[in-house]
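Nothing here was measured: the structure is a model prediction, and the numbers come from that model. Heads up: numbering here begins at 1 and tracks the sequence.
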Amino acid sequence: MARTEIEVGRSLREAATDVAEAWKAAEAGRPIPANERILFRDWSALCAVLTPKRYELLRHLRRSPESGVRTLARALGRDVKRVHEDVVALAELGLVLRDENGRLSSEVDEITSTIRIAA
């Protein structure tokens with residue numbers, strides 16, 4: 001199962017500390033566990049990226065990969081330009097994959113989130 005973790009409200013300083021610790025571990029030859037984590041500074045940033053339409057798109061691609069943006073837009077009954085924007089945004093986060101032939105898919109089965117109210 002492919003799982004992605006989302007954290008909301010984590011400070012840049014905390015994220016930078018994680019990167020520095022991983023860097024030191026790598027330099028020391030210690031193994032670094034893979035981490036599929038996406039950080040958002042606040043709730044509004046998360047909501048701007050993971051919209052209901054993008055959630056629907058992810059679910060569709062998980063069940064049924066498509067040959068390209070046009071076929072995906074047709075399957076979703078949506079405008080090609082808007083679907084393209086959604087695919088680009090989700091691909092930047094690693095949630096949508098595009099192979100060398102342009103075929104679109106998603107390997108994400110589960111997204112978990114931690115939302116900090118008081119940071």
Side-chain angles (χ1 to χ4, degrees):
M1 169 174 27
R3 183 177 178 166
T4 298
E5 181 182 345
I6 292 177
E7 283 190 53
V8 177
R10 192 143 197 249
S11 74
L12 184 57
R13 185 177 310 261
E14 290 171 308
T17 298
D18 287 350
V19 170
E21 288 174 6
W23 189 289
K24 289 176 189 174
E27 284 181 333
R30 294 192 312 268
I32 305 165
N35 187 338
E36 296 294 327
R37 189 169 32 164
I38 302 169
L39 306 175
F40 290 95
R41 71 178 175 279
D42 56 34
W43 178 257
S44 60
L46 169 65
C47 291
V49 174
L50 290 178
T51 65
K53 295 280 187 189
R54 290 178 180 173
Y55 172 73
E56 177 187 7
L57 186 153
L58 282 173
R59 287 184 53 123
H60 178 85
L61 287 178
R62 185 65 186 110
R63 289 187 312 267
S64 177
E66 295 288 351
S67 60
V69 172
R70 285 190 187 283
T71 57
L72 176 58
R74 201 171 310 121
L76 295 172
R78 294 185 50 210
D79 177 71
V80 173
K81 181 180 178 186
R82 298 292 176 237
V83 171
H84 178 265
E85 291 169 353
D86 290 348
V87 166
V88 168
L90 294 170
E92 286 177 359
L93 295 174
L95 298 174
V96 168
L97 305 173
R98 181 178 290 202
D99 70 14
E100 62 278 352
N101 298 319
R103 187 166 180 79
L104 301 168
S105 64
S106 178
E107 295 179 353
V108 176
D109 290 319
E110 182 177 310
I111 296 174
T112 61
S113 64
T114 302
I115 301 169
R116 295 181 183 195
I117 303 300

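Using a cutoff of 4.0 Å between basic side-chain nitrogens and carboxylate oxygens, Glu21 and Lys24 are not scored as salt-bridged.
Applying the side chain to side chain contact (heavy atoms under 4.5 Å, CB included) rule to Ala26 yields the partners Ile32; only residues at least two apart in sequence or on another chain are considered. In this structure Ser64 satisfies the side-chain hydrogen bond (donor to acceptor under 3.5 Å, both in side chains) test with no other residue, sequence neighbours excluded. His84 meets the side-chain hydrogen bond (donor to acceptor under 3.5 Å, both in side chains) test with no other residue; sequence neighbours excluded. With sequence neighbours excluded, the residues forming a side-chain hydrogen bond (donor to acceptor under 3.5 Å, both in side chains) with Arg59 are Tyr55, listed by chain and number.
For Arg63, the CZ atom is densely surrounded, since the number of other residues' heavy atoms within 6.0 Å is greater than 12. By the 6.0 Å contact criterion, CZ on Arg62 is enclosed, its count of non-hydrogen atoms from other residues, nucleotides or ligands being greater than 12.
Rounded to the nearest 0.5 angstrom, Leu104 CG and Leu97 CG are separated by 9.0 Å. Taking CZ from Phe40 and OG from Ser113, the interatomic distance works out to 10.5 Å, rounded to the nearest 0.5 Å.
For the pair Ser106 (side chain) and Leu95 (backbone), a donor-acceptor distance under 3.5 Å is present.
Within the 4.5 Å cutoff, the side chain of Glu66 has no heavy atoms near those of the Arg74 side chain. With a 4.5 Å cut-off on side-chain heavy atoms, Leu90 and Leu50 count as touching. Taking 4.5 Å as the limit, every side-chain heavy atom of Leu93 sits out of range of all side-chain heavy atoms of Thr4. For the pair Leu72/Val87, a side-chain contact is recorded, criterion being any heavy-atom separation below 4.5 Å from C-beta on.
Residue pairs meeting the salt bridge (Lys or Arg N to Asp or Glu O under 4.0 Å) criterion with at least one partner in residues 90-104, sequence neighbours excluded, do not occur; the list is empty. Sorted by first and then second residue, the salt bridge (Lys or Arg N to Asp or Glu O under 4.0 Å) pairs with a member in residues 43-54 read Arg54-Asp86; sequence neighbours excluded.
Considering every non-hydrogen atom in both Trp43 and Ile115, the closest pair reads CZ3-CD1, 3.2 Å.
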